[in-house]
Amino acid sequence: MSYKKHSIKMNEDGQLSFVEISQTLSDLPLLKTPEWVLVEDEKSLYKIAEEISSCKVIGVDIETTGLDPHLDKVRLLQIASSNNFVYIIDMYKVNDLVALKDVFISNKPVKIMHNAIFEQKFLKYQYQLDFGTIYDTMLANKLIYNGLQKRNSLQEVIKDELGLFLDKSLQASMWKSKNLDNMQLDYAAKDAAVLITLREKQIKKIQKYKLTEVAKIEFECTKATAEMEYNGMAVDIASLETEKVKFEQLLKELQKDLIKYFGKININSHQQVAKALASKGIYPESTSEKSLKKYIDKHSEIKVFIDYKSLNKIYSSTLESLNKNIHPKTKRVHSSYNQFGAASGRMSCYDPNLQNVPRGEIRRIFKAPEGRKLIIADYSQIELRIIAEISKDETLIKAFNQNKDIHNITASVVTKKDMNDLTKDDRQKAKAVNFGLVYGMGTRGLVRYASNSFNVDMSMPEAEDIYHEFFKNYKGIKAWHEKVKNNSDDIPFIETLSGRKRFYQDEKRFYSELFNTPVQGTGADILKLALIYLFNRFNNSSTKLVNSVHDEIIIECNETSAKEVREIVVKEMIRAGKKYIKSIPIVVDATLSDTWAGK
DNA sequence: TCAGAGTGCGCC
DNA sequence: AAACGGCGCACGCTGA
């Protein structure tokens, strides 16, 4: 097996450097096989529980017959009490893990796992094991190298951190068979034992970069993320089907019209559409909606095309992928989350992505079952509040403390109008200004952004004036920008209020990125903290975390207790926000509803 | 034939 | 010198 050309290494002092990798993986020294014993009865588990309860840490790993906790079975549970001794529990022989309940829920020993979400989904929901303190070597690796090109599989991490070769060729092998051979058991044992050594190596780096606090958040949050994945969101299958049919008919009609205009081309091909447009004397910069918009008045078919594209987007991206991902057993959608998926620290979501479902009626498809309700709770203007906190901008802080509308304030400042004379258009413009300028947008960008995202026309001189007035008013933001800019060349990383880092090696440091990452990332820190609080509050009750979208948490609960639950959700989310936002209030809006579309 | 880069667009 | 950021997904196209 040959390997990629270079990788990033961190030496003992925590310095980062690029290293050429010329050797093949299998040239590396082999990770040695620990001692192990095979456990095949429940009674032994009590002895094991007592044994490991005196450990500071244990490595925990499972082998399963597949990846789906609703369908697949745990084949083996490996518990490493040291880096050289592993209990391998045969889950085809052992029926329950009651004996391990106390030692797992305890904070000691710390349970080390590589991707703890996976283990929890099986062990908590199939064997009712709750976890105390967790250490996740995969999340740790992401925290230590965030921003740099790194892979996070156990094999890669072992290679980079320990310089050892972990053979994963048995990873997907025959775990269904009744009897396992010693090769398989060796493999299973190695995976658990190495976690202990790996953690020791990682801990030094976590301390060096002061990542302890954010690591704690990430590790704890795996409990909530596992729950969201396991629970999934309820879908109203009938209305999904209705919507699908509706879209199919609509798309077919539009398609017919477009063929009439363009000729027999593939409408989904940008190239072919561009060519067809050119033959009619239309030369847009691209076939994107924004470049086509200006031709709508003269060519009504362009409007049809834009409508088609946007409907087709919803159809294929939302309706079809939703349909594809309805779970055969639970009839819900169980998305996967990449808990630390974005460089900022945000989660990402896939299969299906529930973080880009269009707003509005289409969200009615997500409907709580009979007798249940959804609570849709989101932080109000969290990013602007974080900006106020980080920049210490006095105008912003004062406005939030007086519960004023920030967009209106900006509108009044840049239009030089009295607050009472503002039009809807002024406020739209101010939104573009606020979101654009705080993250380092220039005047030219502002004109484009205002037009594209907020449908507001702005001339260049007007944009220049607005830029000037904006920073005259928000002096703290200006100063914060200057400070970040002045240090931008030297800094090895930018960080959030929890200490989460985004590292830079040879990468270009974009100002916009340096402004945005601490803000977006602190938002993620707060959201994850809120998920932790809510998990702890509702764990093992009928109230379930089912989704979260950057500044929003969705909970499903019994109708009978919905109002009380809502109060708790708001309170806990505010408590999480207050951990990092000290100078202004945190506001959470929570809607009680049957569907995700809200009231 | 198929992986991967590119385009475009939904969300926050 | 100038730059708003962060995702995932569908699609057609490219090149090995």
Side-chain angles (χ1 to χ4, degrees), chain A residues 146-147 265-275 284-292 305-306 308-322 324-325 335-360 362-363 378-384 386-387 431-450 452-454 467 470 477 481 484-485 488 494 496 502 507-524 526-527 547-554 596:
Chain A
N146 181 40
I265 61 161
N266 182 347
I267 297 157
N268 294 325
S269 163
H270 307 130
Q271 276 186 9
Q272 291 179 39
V273 169
K275 218 167 133 190
E285 306 92 81
S286 85
T287 54
S288 66
E289 184 178 339
K290 61 174 180 243
S291 9
L292 288 175
F305 177 71
I306 290 173
Y308 169 83
K309 290 292 279 186
S310 104
L311 282 177
N312 193 44
K313 170 81 179 164
I314 298 172
Y315 177 73
S316 58
S317 225
T318 303
L319 296 179
E320 277 210 305
S321 87
L322 209 52
K324 200 175 71 195
N325 285 296
S335 294
S336 297
Y337 296 84
N338 209 335
Q339 189 179 292
F340 188 173
S344 62
R346 274 189 179 179
M347 292 191 185
S348 64
C349 178
Y350 60 97
D351 291 343
N353 184 358
L354 291 180
Q355 296 182 328
N356 68 348
V357 176
R359 298 192 68 102
I362 203 88
R363 292 194 179 187
D378 69 298
Y379 285 105
S380 165
Q381 303 200 318
I382 192 68
E383 289 203 1
L384 283 173
I386 295 168
I387 286 162
K431 272 187 170 179
V433 172
N434 279 334
F435 292 132
L437 295 189
V438 290
Y439 294 132
M441 194 175 269
T443 48
R444 261 195 10 232
L446 182 60
V447 171
R448 198 157 22 100
Y449 179 59
N452 292 341
S453 304
F454 293 87
Y467 189 95
F470 180 88
I477 296 180
H481 280 187
V484 172
K485 279 185 188 177
S488 67
I494 191 89
T496 71
R502 178 175 187 167
E507 297 87 344
K508 240 189 168 81
R509 288 130 167 96
F510 290 98
Y511 291 152
S512 48
E513 219 172 76
L514 301 181
F515 302 149
N516 180 271
T517 299
V519 177
Q520 194 181 106
T522 299
I526 290 172
L527 190 89
N547 189 14
S548 76
V549 190
H550 309 313
D551 63 356
E552 171 184 7
I553 294 174
I554 301 167
W596 193 12

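- A pairwise comparison of heavy atoms in Cys349(A) and Leu354(A) identifies SG-N, 3.3 Å as the closest pair.
- Nucleic acid contact for Lys324(A): sugar-phosphate only, since backbone atoms but no base atoms lie under 4.0 Å from a heavy atom of the residue.
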Requested in this report: Begin with the C-alpha distance, continue with both residues' side-chain angles, and end with the deciding distance and a verdict on side chain to side chain contact (heavy atoms under 4.5 Å, CB included) for Ile387(A) and Phe515(A).
Outcome: CA-CA 9 Å; Ile387(A) 286 162; Phe515(A) 302 149; over 6 Å; no
**Report entry** Phe470(A) vs Leu446(A), side chain to side chain contact (heavy atoms under 4.5 Å, CB included): CA-CA, chis, key distance, verdict
**Finding:** CA-CA 12 Å; Phe470(A) 180 88; Leu446(A) 182 60; over 6 Å; no
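- Sequence order on DNA chain C of the closest nucleotides to Arg444(A) and Pro352(A) puts Arg444(A) first from the 5' end.
- At dC7(C), none of the side-chain N or O atoms of Asn338(A) fall inside 4.0 Å of OP1 or OP2 (strictly under the cut-off).
- Across all their heavy atoms, Gly341(A) and Ser348(A) have their closest contact at CA-OG, 3.8 Å.
- To the nearest angstrom, C1' of dC9(C) lies 13 Å from CG of Leu322(A).
- Using a 4.0 Å cut-off, some side-chain N or O of Gln272(A) falls inside it from OP1 or OP2 of dC13(C).
- Comparing the P positions of dC11(B) and dA3(C) gives a spacing of 26 Å, expressed to the nearest Å.
- Among the atoms of the strands shown, only primed sugar atoms or phosphate atoms (P, OP1, OP2) are found under 4.0 Å from some heavy atom of Asp351(A).
- Within 4.0 Å of Tyr350(A), counting heavy atoms only, lie sugar-phosphate atoms of the nucleic acid but no base atom.
- When the side-chain nitrogen and oxygen atoms of Ser512(A) are compared with OP1 and OP2 of dG5(C), one or more of them lie within a distance under 4.0 Å.
- Here the side chain of Tyr449(A) is nearest to one of dC4(C), dG8(C), dA10(C), namely dC4(C).
- Rounded to a whole Å, the CZ atom of Phe454(A) is 14 Å from the P atom of dC4(C).
- For the pair Leu292(A) CG and dT7(B) P, the interatomic distance rounds to 16 Å; values are reported in whole Å.
- In this structure, the nucleotide among dG8(C), dA10(C), dG5(C) sitting nearest to the side chain of Ser348(A) is dG8(C).
- Contact annotation for Ala524(A): no contact, since no heavy-atom pair falls under 4.0 Å across all strands.
- Straight-line distance from the CZ atom of Phe340(A) to the P atom of dG6(C): 13 Å, rounded to whole Å.
- Using a 4.0 Å heavy-atom criterion, one finds that Asn312(A) contacts no nucleic acid atom at all.
- In summary, the side chains of Ser488(A) and Arg509(A) do not present any donor paired with an acceptor at a separation below 3.5 Å, with no hydrogens or angles considered.
- Using a 4.5 Å cut-off on side-chain heavy atoms (C-beta onward), Tyr439(A) and Gln520(A) make no contact.
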Atom pairs, N/O to N/O, protein against nucleotides 9-12 of chain B, distance under 3.5 Å?
residue, atom, partner, partner atom, Å
dC9(B), OP1, Glu289(A), N, 3.0
dC9(B), O2, Lys313(A), NZ, 2.8
dG10(B), N2, Asn356(A), ND2, 3.3
dG10(B), N3, Asn356(A), ND2, 3.3
dC11(B), OP1, Arg359(A), N, 3.1
dC11(B), O3', Arg363(A), NH2, 3.4
dC12(B), OP1, Arg359(A), NH1, 2.2
dC12(B), O3', Asp551(A), OD1, 2.7
dC12(B), O3', Asp551(A), OD2, 3.2
dC12(B), O2, Arg346(A), NH1, 2.6
dC12(B), O2, Arg346(A), NH2, 2.9

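- Counting heavy atoms from C-beta outward, Tyr379(A) and Leu527(A) have side chains that approach closer than 4.5 Å.
- The C1' atoms of dA2(C) and dG10(B) are separated by 28 Å, rounded to the nearest whole Å.
- Between the side chains of Tyr337(A) and Asn547(A), at least one donor N or O lies within less than 3.5 Å of an accepting N or O.
- In this entry the distance linking CD1 of Ile306(A) with P of dT7(B) reads 19 Å, nearest Å.
- Using bins of under 30°, 30° to 60° and over 60° for the plane-to-plane angle, the ring pair Phe454(A)/Phe435(A) lands in the parallel bin.
- For Arg502(A), counting side-chain heavy atoms from C-beta on, the closest listed nucleotide (dA10(C), dC4(C), dG6(C)) is dG6(C).
- At the heavy-atom level, Glu320(A) lies nowhere under 4.0 Å from the strands shown.
- Rounded to a whole angstrom, the distance from the C1' atom of dG4(B) to that of dA10(C) is 15 Å.
- The interatomic distance linking Leu384(A) (CG) with dG5(C) (P) rounds to 17 Å, in whole Å.
- Summarising the geometry, the separation between CZ on Phe510(A) and P on dA1(C) is reported as 16 Å, rounded to the nearest angstrom.
- Atom NZ of Lys275(A) and atom C1' of dC13(C) are 13 Å apart (whole Å).
- At the phosphate of dC13(C), OP1 or OP2 sits under 4.0 Å from a side-chain N or O atom of Ser269(A).
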